[in-house]
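Worksheet: the structure to be examined is printed underneath.
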Amino acid sequence: MAAQRNYDLAVVGAGIVGLAHAYHAHRRGLRVAVVEQNDGVVGASVQNFGHACITAQSGRALEYARAGRRHWLDLARSADFWAAEAGTWCVARRDDELAVMTEFAAERDDEAVRLLSRDEILDRVPVADPATAGGMYLPFDLQIDPRAAAPAIARWLEAEGVDFHWHTAALGFETGRIRTSRGELSATHVVIATNYDVDRLFPALADGLVRCRLHMLRARVALPRPLPGPLFTGWSLVRYSGFENLPSTPDLAQRLAVEHPDEVALDLHQMYTPQRDGTILVGDTHARDVSPVPFQSEDGFRVLLDETRRLFGSDIEVIERWQGVYSSAPDREFLIAEPLDRVHVVTVTTGIGMTTSMGLAADTVARIAATVAA
Ligand SMILES: Cc1cc2nc3c(=O)[nH]c(=O)nc-3n(C[C@H](O)[C@H](O)[C@H](O)COP(=O)(O)OP(=O)(O)OC[C@H]3O[C@@H](n4cnc5c(N)ncnc54)[C@H](O)[C@@H]3O)c2cc1C
């Protein structure tokens, strides 16, 4: 092990959750190390849409998302990666989708949710579905370069003096100490941000936690003009917690189930994020298993391509396909625990880690810093 210091905080996992903890601890002047089993950032934190989907959250996730927003923008400047205050566009292709959006707008601040007429959404977003009924725009949401952000944050933290132990697996923990594949490391506090692999380290804590596997594409879509930012569809309205308790959401879910049983079986969420090179990230489907099943059916890709053609009326050239994986657990968005004194497990257990990690980590690190200072 290169550096053998006594750290205030050792973070296990160099995904966005671990890096956000390292960032907040470093800002507070703590001595920080990061231990990562791979030799770079390759987990969920580079496999995603790069969408900080702030407004569609509720409860604790909404608090973390709102608190994290300014940190994303600060980090984009300091660590030098692309992030944009792009907001989220959402197209309604049926009246029941517009009903959910109208109820959502009535519940939230006028500044946070802007309802759009059919003409307004068609004016901004190049969708070609004749059924388009209207839409909404969520201006506070952010877009982040998903492939660049986490690696850039790691590089910047390293240059700032955070010790990174790459290609080093954490194998066991006790208060004040981590046993790794390259020796021992001492730290007053430990944050374990290993995503779904928390089930390998603390199986009792991870009861019910599974790996959620997603079909993802990067494609060139022949559009008459570029997408102005991330685009949601009606499927998004039955996915995010902010829409969950609205009066019209159950009817929408029921209609989708009746009209689109194959898509519902794939747990489709049809959404898009445009990239700076003109390509678009297209996703996604969801399949949940304890073990990371390597095989991915072509059905998911076929549905994504068919639905994309239907929405935009355009030709598509697929550039990349991949299987993204994130943690999923029934009925909870976060697994936060302290299984040993000063050993903190922090896992985002649904697909909102880019949105919530900055605010979530600020919270954990505030608690840690209070004890380090005491
Ligand atoms: C396809 C897809 C699309 C998504 N889209 C979005 C989105 O648009 N917006 C959003 O908010 N969220 C999105 N998410 C979710 C988001 O990407 C995740 O919630 C987030 O990246 C999780 O971050 P993490 O740091 O916990 O995990 P990871 O990035 O997976 O990092 C965990 C790290 O821990 C390391 N590790 C594991 N075990 C050990 C060990 N024993 N020792 C050392 N290192 C270890 C791993 O190697 C890995 O690098 C998406 C996810 C996917 C897969």
Side-chain angles (χ1 to χ4, degrees), residues 9-28 30 32 34-36 41-76 78-79 81-83 140-157 162 164 189-198 209 212 230 240-241 273 324-329 332-337 344-369:
L9 174 65
V11 176
V12 180
I16 200 60
V17 174
L19 293 170
H21 282 83
Y23 163 65
H24 284 293
H26 173 68
R27 283 181 84 223
R28 286 175 175 269
L30 304 188
V32 183
V34 177
V35 177
E36 165 57 51
V41 185
V42 294
S45 303
V46 293
Q47 299 166 4
N48 61 69
F49 287 101
H51 183 214
C53 168
I54 298 166
T55 315
Q57 308 303 328
S58 66
R60 191 146 61 126
L62 181 60
E63 283 167 27
Y64 290 150
R66 284 179 173 153
R69 187 179 189 280
R70 73 184 170 88
H71 296 298
W72 268 122
L73 295 172
D74 286 350
L75 265 170
S78 347
F81 58 87
W82 180 83
F140 294 147
D141 292 359
L142 300 178
Q143 203 188 340
I144 294 140
D145 184 332
R147 303 216 181 164
I153 295 170
R155 276 195 302 278
W156 178 72
L157 286 172
V162 171
F164 277 75
H189 286 266
V190 175
V191 164
I192 299 170
T194 56
N195 201 357
Y196 38 76
D197 286 342
V198 66
L209 184 141
C212 181
Y240 290 101
S241 64
T273 54
V325 186
Y326 64 63
S327 304
S328 178
R332 67 173 172 205
E333 293 171 315
F334 305 99
L335 165 53
I336 298 171
H344 313 264
V345 165
V346 185
T347 313
V348 180
T349 51
T350 186
I352 57 172
M354 296 295 277
T355 307
T356 55
S357 51
M358 292 294 157
L360 164 61
D363 212 42
T364 327
V365 170
R367 283 185 279 119
I368 288 174

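Computed from a predicted structure; not experimentally measured. Worth knowing before you read on, the calculation uses all heavy atoms, side chains too, and leaves out hydrogens, waters and symmetry mates.
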(message) To check you understand the geometry: which heavy-atom pair defines the closest contact between A22 and L157, and what is its length?
(response) CB-CD1, 3.8 Å
(request) Could you tell me if the ring centre of H344 sits under 6.0 Å from that of H21? (result) no
(message) Which residue is it: D74, L142, T355, D141? I am looking for the one with a side chain to side chain contact (heavy atoms under 4.5 Å, CB included) to R69.
(response) L142
(request) Examine distances only and state if a side-chain atom of N48 and a backbone atom of S45 form a donor-acceptor pair shorter than 3.5 Å. (result) yes
(message) In terms of relative ring orientation, are Y23 and W156 parallel, tilted or perpendicular, with 30° and 60° separating the classes?
(response) tilted
(request) Could you pull out the closest heavy-atom pair between A79 and A152, with the gap in Å? (result) O-CB, 3.6 Å
(message) Please check: side-chain N/O of E36 versus main-chain N/O of A14, any donor-acceptor pairing under 3.5 Å?
(response) yes
(request) State the NE2-OG1 distance between H51 and T273, to the nearest 0.5 angstrom. (result) 8.0 Å
(request) Flag yes if more than 12 heavy atoms outside R147 fall under 6.0 Å of its CZ atom; otherwise flag no. (result) yes
(request) Could you tell me whether the side chain of Q57 and the main chain of Y240 form a donor-acceptor pair under 3.5 Å? (result) no
(message) To the nearest 0.5 Å, what is the distance between CG on D363 and CZ on R60?
(response) 8.0 Å
(message) I'd like to know if the side chain of S328 reaches the main chain of C212, judged simply by a donor and an acceptor atom lying under 3.5 Å from each other, with no hydrogens or angles considered.
(response) no
(message) Can you give me the closest heavy-atom contact between Q47 and V42, atom names plus distance?
(response) NE2-O, 3.3 Å
(message) Quick one: does any side-chain atom of T364 pair with a main-chain N or O of L360 as donor and acceptor, under 3.5 Å?
(response) yes
(request) Locate the shortest heavy-atom distance separating T356 from I352; write the atom from each residue and the value. (result) OG1-O, 2.8 Å
(request) Compare every heavy atom of R332 with every heavy atom of T349, then report the nearest pair and how far apart it is. (result) OG1-O, 2.8 Å
(message) Using 0.5 Å steps for rounding, measure from the CD atom of Q143 to the CZ atom of F49.
(response) 11.0 Å
(request) Could you tell me which non-hydrogen atom of N195 sits nearest to which non-hydrogen atom of S327, and how far apart they are? (result) OD1-OG, 2.5 Å
